[in-house]
Amino acid sequence: MDTQSFSANPVIEKATNTSVVTRILRQLHTSNRLILMLYPLTLLLGQLYQFGPNEPTYFASKRNIINVLFVKRGWLWTAIAYFILLAYRLSLPASSLVATKPRYRLSRMIARFLVATLYWVVFTQWFFGLPIMDRVFVFTGGKCNGGVQIQDSLVNVSSATCRSVGGTWLGGHDPSGHTFLLIHSSLFLWYELSPFLDEFLTIYRAGRNDSKSRKSILVALPTHLKLIIALLILWWWMFLMTCIYFHSFFEKISGLIWAYVEVVLVYMIFRHLL
Ligand SMILES: CCCCCCCCCCCCCCCC(=O)SCCNC(=O)CCNC(=O)[C@H](O)C(C)(C)COP(=O)(O)O
Ligand SMILES: Nc1ncnc2c1ncn2[C@@H]1O[C@H](COP(=O)(O)O)[C@@H](OP(=O)(O)O)[C@H]1O
């Protein structure tokens, strides 16, 4: 994440009279630490909530509409959000700061999307047979039990196949696919969105003193960016619900770790390549 250009900008640095939304947006994109801390903290918050008076809500059901329509097709929605960001990138003038950065050439943005997609595929869908999350489960002693069309107990069956034949995924350590998907998607979108928010806020702050162009930040924020932020809020909320109602603490931790590994690889270690 590019924090240098923003913090070095005197217009931004001297601004004292900022709205709450401006400050939140600024923090979220100037400090990658804040984004990186958000999901582990949410996991802890969800754990703490479980000690309270815990009445099940609508979101405790797997059939809740957001889970069925959005999270279960989570990578599709993330891909759509990313294509919206690509369209926004293409709409920027050549003089825009982001457009001049080699890292934000269309080809490199598409390459990062393909890497993120491949990472999602190998963890949740297919990795020369069972996906990694199911391999972890089987390796730690998990089995598919009691499906109507299968023998009593099967080892080399994916979680999706097991469910589709009415079986139950039992034993073993079952990394949370939802935790992985929601955090992987969110970190990918945050990291990609960040320089665009950076440039928008720089221009917005610089224009604030001009009474003709003064607009509330929510009005001024381009619709493309609003849509992506809306999806990020939805993903955060569903992750909180996963933390409160589903899986064991350590199964969520392993989903979270897999998601963070991609960020470390793509945005830190191999940043110069991708
Ligand atoms: C100018 C632009 C040119 C762009 C050219 C780029 C070409 C890109 C080609 C590649 C396109 C890939 C697009 C990917 C779209 C999809 O992802 S479709 C599949 C959608 N499916 C999902 O999202 C499923 C999500 N679900 C899961 O991952 C798992 O179910 C789970 C939620 C992790 C766990 O589920 P459980 O049931 O609980 O096990
Ligand atoms: N936020 C959420 N809302 C609804 N259901 C959730 C959820 N998070 C996890 N689940 C459900 O909990 C189960 C385990 O999720 P996961 O392993 O992906 O983390 C899945 O059930 P199903 O597989 O029966 O749909 C999933 O749908």
Side-chain angles (χ1 to χ4, degrees), residues 39 42-43 45-46 49-50 56-91 104-127 130-138 142 144 147 157-170 172-186 188-189 192 231 233-259 262:
Y39 301 97
T42 305
L43 209 165
L45 186 72
Y49 184 87
Q50 291 175 5
T57 65
Y58 174 67
F59 288 100
S61 159
K62 293 176 181 182
R63 285 195 298 256
N64 80 69
I65 193 84
I66 310 282
N67 191 43
V68 175
L69 290 185
F70 285 89
V71 188
K72 285 284 193 175
R73 296 171 170 82
W75 194 252
L76 178 64
W77 287 107
T78 299
I80 291 171
Y82 195 62
F83 287 122
I84 291 174
L85 191 67
L86 286 178
Y88 180 68
R89 159 69 187 81
L90 289 175
S91 74
Y104 289 91
R105 276 202 299 263
L106 204 60
S107 56
R108 279 181 74 172
M109 289 185 72
I110 291 174
R112 287 197 298 277
F113 170 73
L114 291 178
V115 168
T117 301
L118 184 67
Y119 196 77
W120 162 70
V121 168
V122 299
F123 190 68
T124 67
Q125 310 293 310
W126 177 86
F127 183 65
L130 295 186
I132 291 173
M133 66 178 191
D134 290 356
R135 284 182 186 275
V136 171
F137 174 73
V138 170
C144 177
V157 166
S158 74
S159 56
T161 309
C162 179
R163 236 185 355 261
S164 70
V165 295
T168 316
W169 211 218
L170 277 183
H173 173 89
D174 178 20
S176 166
H178 273 53
T179 298
F180 167 79
L181 176 74
L182 293 168
I183 300 181
H184 173 57
S185 300
S186 301
F188 169 66
L189 288 177
E192 295 296 327
L231 188 69
I233 293 170
L234 190 69
W235 281 171
W236 177 81
W237 174 256
M238 291 308 281
F239 173 53
L240 181 64
M241 295 304 110
T242 300
C243 293
I244 292 174
Y245 297 117
F246 302 95
H247 272 284
S248 73
F249 179 69
F250 288 107
E251 288 172 343
K252 283 174 286 203
I253 289 281
S254 54
L256 180 141
I257 289 173
W258 277 101
E262 201 254 353

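Indexing begins at 1, ligand by ligand and atom by atom, following the structure's order. Only heavy atoms go into these numbers, but all of them, side chains included; no hydrogens, no water, no symmetry mates.
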Starting from [atom], locate the nearest protein heavy atom and write down its residue, its atom name and how far away it is, to 0.1 Å.
atom	value
atom 20 (C) of ligand 2	Lys62 CE, 4.2 Å
atom 19 (O) of ligand 2	Ser176 OG, 2.7 Å
atom 10 (C) of ligand 1	Leu114 CD2, 4.1 Å
atom 8 (N) of ligand 2	Thr242 OG1, 2.8 Å
atom 6 (C) of ligand 2	Phe246 CE1, 3.3 Å
atom 29 (C) of ligand 1	Gln125 NE2, 4.0 Å

Using a 4.0 Å cutoff against the non-hydrogen atoms of [X], which atoms of ligand 1 qualify?
X	result
Phe83	4 (C)
Arg73	22 (C), 23 (O)
His178	32 (C), 38 (O)
Thr124	28 (O), 33 (C)
Gly177	33 (C)
Trp75	17 (O), 22 (C), 23 (O)

Check for a donor-acceptor pair, side chain of [X] on one end and backbone N or O of [Y] on the other, with a separation under 3.5 Å.
X	Y	result
Arg89	Leu106	no
Tyr49	Cys243	no
Glu251	Asp174	yes
Ser185	Leu182	no
Arg112	Ser107	no
His178	Gly255	no
Thr168	Leu170	no
Lys62	Asn67	no
Trp258	Gly177	no

Compare every heavy atom of [Y] with every heavy atom of [X], then report the nearest pair and how far apart it is.
X	Y	result
Trp126	Pro131	N-CB, 3.6 Å
Leu69	Trp77	O-NE1, 3.0 Å
Trp235	Ser186	CB-OG, 3.5 Å

Any N or O of Lys72 that comes nearer than 3.5 Å to an N or O of ligand 1?
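It does: an N or O of Lys72 is found under 3.5 Å from an N or O of ligand 1.
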
Please report whether ligand 1 has a polar contact with Phe113, defined as an N or O pair separated by less than 3.5 Å (distance criterion only).
no

Considering all protein heavy atoms, does one lie under 4.0 Å from [atom]?
atom	answer
atom 23 (O) of ligand 1	yes
atom 1 (C) of ligand 1	no
atom 27 (C) of ligand 1	yes

Using a heavy-atom cut-off of under 4.0 Å, does the side chain or the backbone of [X] touch ligand 1, or both, or neither?
X	result
Trp120	side chain
Leu76	both
Trp77	neither
Arg163	side chain

On the 0 to 90° scale, with breaks at 30° and 60°, tag the His184-Trp75 ring pair as parallel, tilted or perpendicular.
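Ring orientation of His184 relative to Trp75: parallel.
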
Between [options], which one has a non-hydrogen atom sitting closest to [atom]?
atom	options	result
atom 5 (N) of ligand 2	Asn64, Val71, Asn67	Asn67
atom 17 (O) of ligand 2	Met133, Lys72, His247	His247
atom 6 (C) of ligand 1	Leu181, Leu118, Ile110	Ile110

Of all the atoms in ligand 2, which lie at a distance below 4.0 Å from a heavy atom belonging to [X]?
X	result
Arg163	22 (P), 23 (O), 24 (O)
Ser61	4 (C)
His178	6 (C), 7 (C), 8 (N), 9 (C), 10 (N), 15 (O), 16 (P), 18 (O), 19 (O), 26 (C), 27 (O)

I would like to know whether Phe123 and Leu181 meet side-chain contact (heavy atoms from CB on, under 4.5 Å); could you show each step before the answer?
CA-CA 9 Å; Phe123 190 68; Leu181 176 74; over 6 Å; no

Purely on distance, is any nitrogen or oxygen of Met241 under 3.5 Å from one on ligand 2?
no

For side-chain contact (heavy atoms from CB on, under 4.5 Å), just list the numbers for Phe246 and Thr179, CA-CA rounded to whole Å, side-chain angles, deciding distance to a tenth of an Å, and then say yes or no.
CA-CA 10 Å; Phe246 302 95; Thr179 298; over 6 Å; no

Looking at Phe188 versus Tyr82, is the centre-to-centre ring distance below 6.0 Å?
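Yes, ring centres under 6.0 Å apart.
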
Start with the C-alpha distance between Ile244 and Met241, add both sets of side-chain angles, then the distance that settles side-chain contact (heavy atoms from CB on, under 4.5 Å), and finish with yes or no.
CA-CA 5 Å; Ile244 292 174; Met241 295 304 110; 4.2 Å; yes

Check Ser159 against ligand 2 and report side chain, backbone, both or neither, counting heavy atoms closer than 4.0 Å.
neither

